[in-house]
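Chain letters run A, B, ... following the sequence lines, proteins first, then strands; residues in each count from 1.
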Number of protein chains: 2
Amino acid sequence: MPAAPAKAAPRATNAAAILDAANRLFCKKGFHGTSTREVAEAAGVSLGNIYNHFKGKEELFAALLERFEAEYFAPGQPMAQAFLDAPFPANIEAIGRASGQTVNKFADYILLIYVDVVEFQGRHIAKLFREMRVRYAKHVAKAGRGAVAPDVDPVAAMMMVTLSYFNYFTVEKLFGVKNHFGMGDEEAIKAFARIFRRGVER
Amino acid sequence: MPAAPAKAAPRATNAAAILDAANRLFCKKGFHGTSTREVAEAAGVSLGNIYNHFKGKEELFAALLERFEAEYFAPGQPMAQAFLDAPFPANIEAIGRASGQTVNKFADYILLIYVDVVEFQGRHIAKLFREMRVRYAKHVAKAGRGAVAPDVDPVAAMMMVTLSYFNYFTVEKLFGVKNHFGMGDEEAIKAFARIFRRGVER
DNA sequence: CCGGTATGAATGAACGACCGTTCATATTTA
DNA sequence: TAAATATGAACGGTCGTTCATTCATACCGG
């Protein structure tokens, strides 16, 4: 019989159930705050069976991050759509709305990135941030340069806009603070866009 | 004889030494990743003595956050200085530089806030974020309204600017990613300021 | 000044529970 | 039947917390 692809994404349903359970628990209580027994029980699986699918607890965590990373950078995600929606800066509001959708959809991923920063000193995710500018530069190259002022770096500007929206929604969603800017989400998207387009100065 | 401070850092009391050790360890390995025995040893104190000063491990964590919060909001901190430096938006660069200083000075505090979000679901720090806008509104009221465009909310704008700088330096310092915008810190401060003042549009 | 003592800081052994991982074994699958 | 998958008891540690005990100091009436 064909040997199972060892490194590939889990195909056995129990392996996926273990990943899902680890996902929920690591997000709720962190890595060291979650025991393998809890993961097994939440997955409806015996304790020892975890070790048939994953080498150990930390490898389970790493596999979880990899699964999210693959999904995050898969084509068709809202951020990629927004970057191509129109050349920056015409797509600022689209970036804002896509950021909101993305933070909601990938709330667990973002939380796990924080888990990595806190409990593993960012060991698993530092590369992601180091390569951020290159990724944004590719998006800018693809969508073309829009009506950006000549003394503004369009890549840095697009990163700045995106990260601002991202961090706004992260506080709203992950820190559980509603309307921390004193306004609703759509209102905040427009307020940010107004400032990013024409600045705050009179 | 009373415990002589054999370590280099002068300590007022053993309670402070326990707090300092907990600070270092919680930041490095998270709350559940740190044991009370490690804290005791790092503090140069017996295990049981921790419980003479703190009710338990979580209360130790909470006390740590409270100590930082008191220091963070004490008068004379760089952020408060920058807010009064000149009416917004004339002080944008000052806010940027103060943010850099603050993230460096309070790196541990910010990390502990992430620890709280990850391991306690933000239980200890959510209030801080809920009250953010009120604090910024007070700063704006105190420094007066500068040359802000009439359709821009100066409080939201100042929050936006400050959080952008804060998050920039957080990635640089806490995530350990150097120059993730592809430029140095002072350059980034100026690039942000350029955009916040007059926008990205041509 | 005295001896007595109340008080809190300090200690580390001990406790029961839980930790991640392994393993002998059983069951399912192809 | 061979391999993959599943089980849960068992192992050696470590966990947070408690506790009996010691020690240093402050306060007392005399």
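In this structure, the NE2 atom of His53(B) is 8 Å from the C1' atom of dA10(C), given to the nearest Å. Protein atom CD1 of Ile50(B) is 11 Å distant from nucleotide atom P of dT11(C), rounded to whole Å. Summarising the geometry, the separation between CD1 on Ile18(B) and P on dT17(D) is reported as 13 Å, rounded to the nearest angstrom. With rounding to whole Å, Asn49(A) atom CG is found 18 Å from dA24(C) atom P. Rounded to a whole Å, the CZ atom of Phe54(B) is 13 Å from the C1' atom of dA9(C).
Closest contact between the side chain of Tyr51(B) and the listed nucleotides dG16(D), dA6(D), dA10(C) involves dG16(D).
Between His180(A) and Tyr168(A), the distance from one ring center to the other falls under 6.0 angstrom.
Taking 3.5 Å as the limit, the base of dA6(D) and the side chain of Asn52(A) contain a donor-acceptor pair of atoms between them.
Between Asn14(A) and dT5(D) there is no side-chain polar atom (N or O) within less than 4.0 angstrom of OP1 or OP2.
Residue Glu201(B) holds its CD atom at 12.0 Å from CD1 of Ile195(B), rounded to the nearest 0.5 Å. Note that CD1 of Ile125(A) and CG of Leu112(A) are 11.0 Å apart. Values are rounded to the nearest 0.5 Å.
Lys105(A) and Gln77(A) share a side-chain donor-acceptor pair at under 3.5 Å.
Checking Tyr109(B), Phe61(B), Phe129(B), Phe68(B) one by one against His124(B), the ring pair (Phe, Tyr, Trp, His ring centres under 6.0 Å) holds for a single residue, Phe61(B).
Residues from residues 27-48 of chain A with heavy atoms under 4.0 angstrom of DNA chain D, sorted by number: Arg37(A), Val45(A), Ser46(A), Gly48(A).
Ring orientation note: the planes of Tyr165(A) and Phe192(A) are close to parallel, at an angle under 30° on the 30°/60° scale.
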